[in-house]
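Remarks on the structure that follows.
Keep in mind that the numbers below use all heavy atoms, side chains included, and drop hydrogens, waters and symmetry copies. Counting convention: from 1, in listed order, for ligands and their atoms alike.
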Amino acid sequence: MKKRIVLLGPPASGKGTQADHISSAYAIPHVSTGALLRSESEKGTPLGREADMWTSKGQLVPDDLVVRIVSLWMAEHGQSFIFDGFPRTVRQAVYLDSALKALHSSLDLIVLLELPESEIRRRISDRLSCIKCGATFGATLHDLSAGDACPRCASPLVRRNDDNAEALDKRLEVFRNQTEPVIAYYEENFPKLLCRINAAHGSDEVFASLARNLVDA
Ligand code: AMP
């Protein structure tokens, strides 16, 4: 069973949803750096306030800040994880490799969720997120509006401050310029670990493909 997993993909490719599924099915902790940053921001910590200046514009938070938050998480929780939205730059990927190497460990699986831009835009314009559990829902599909109770935990649903057309343009540009090189880095250094999944399918179908890759051959 794979236990050190990185989940990569553009905005709205379903990284959070799939990481949640894997986490509950196989008891592997789900770590979303975006959610960790939003939680710091909601608590009003200096780290959260600094992160907000970047996230609200759709830009990446500086590497040193993200690396700090990930190091703290690994020190507290150990070496079984599904990273959702990390690493997003080659520097972060190199940091993760060396942090694991220092622990005589390494990644088991790198998953890339692929989604065409038209579908990314459609999903983002319709997306509501829970402020507490982070679950996301298509407003149209689930007949929900901002302010409604989250179907999972009953906390309020909101539109994320970076789920707007302007921030999305920036996030897509950031994905192309900074995160696609991470995919190239993994293709070059860990070609056998990288698996590509079509994220345009329904979430159950995507999970079934993922689950097949999680179990050791
Ligand atoms: P997400 O919830 O994964 O869509 O992330 C939301 C926002 O948090 C991103 O647009 C970035 O501003 C920031 N963020 C999350 N993860 C990272 C990361 N690994 N490196 C830099 N910024 C990040």
Ligand 1: protein residues within heavy-atom distance under 4.0 Å = Thr33, Gly34, Leu37, Arg38, Thr55, Gln59, Leu60, Val61, Val66, Gly85, Phe86, Arg88, Gln92, Arg160, Asp162, Arg171
inquiry  = Pair Asn189, Asp97 - check side-chain contact (heavy atoms from CB on, under 4.5 Å), show working.
reply    = CA-CA 10 Å; Asn189 292 285; Asp97 289 348; 5.7 Å; no
key: Minimum side-chain heavy-atom gap Phe86-Val70 below 4.5 Å   = yes
Nonpolar side-chain network containing Leu168, other nodes, edges under 4.5 Å = Leu115, Ile120, Ile124, Leu172
Residue pairs passing the ring-ring contact (aromatic ring centres under 6.0 Å, His included) test where at least one lies in residues 20-47, sequence neighbours excluded = His21-Phe207
query = Among pairs that include at least one residue of residues 122-149, which meet ring-ring contact (aromatic ring centres under 6.0 Å, His included), considering only residues two or more places apart or in two chains?
reply = Phe137-His142
query = Do Thr89 and Gln178 have side-chain N/O donor and acceptor atoms under 3.5 Å apart?
reply = no
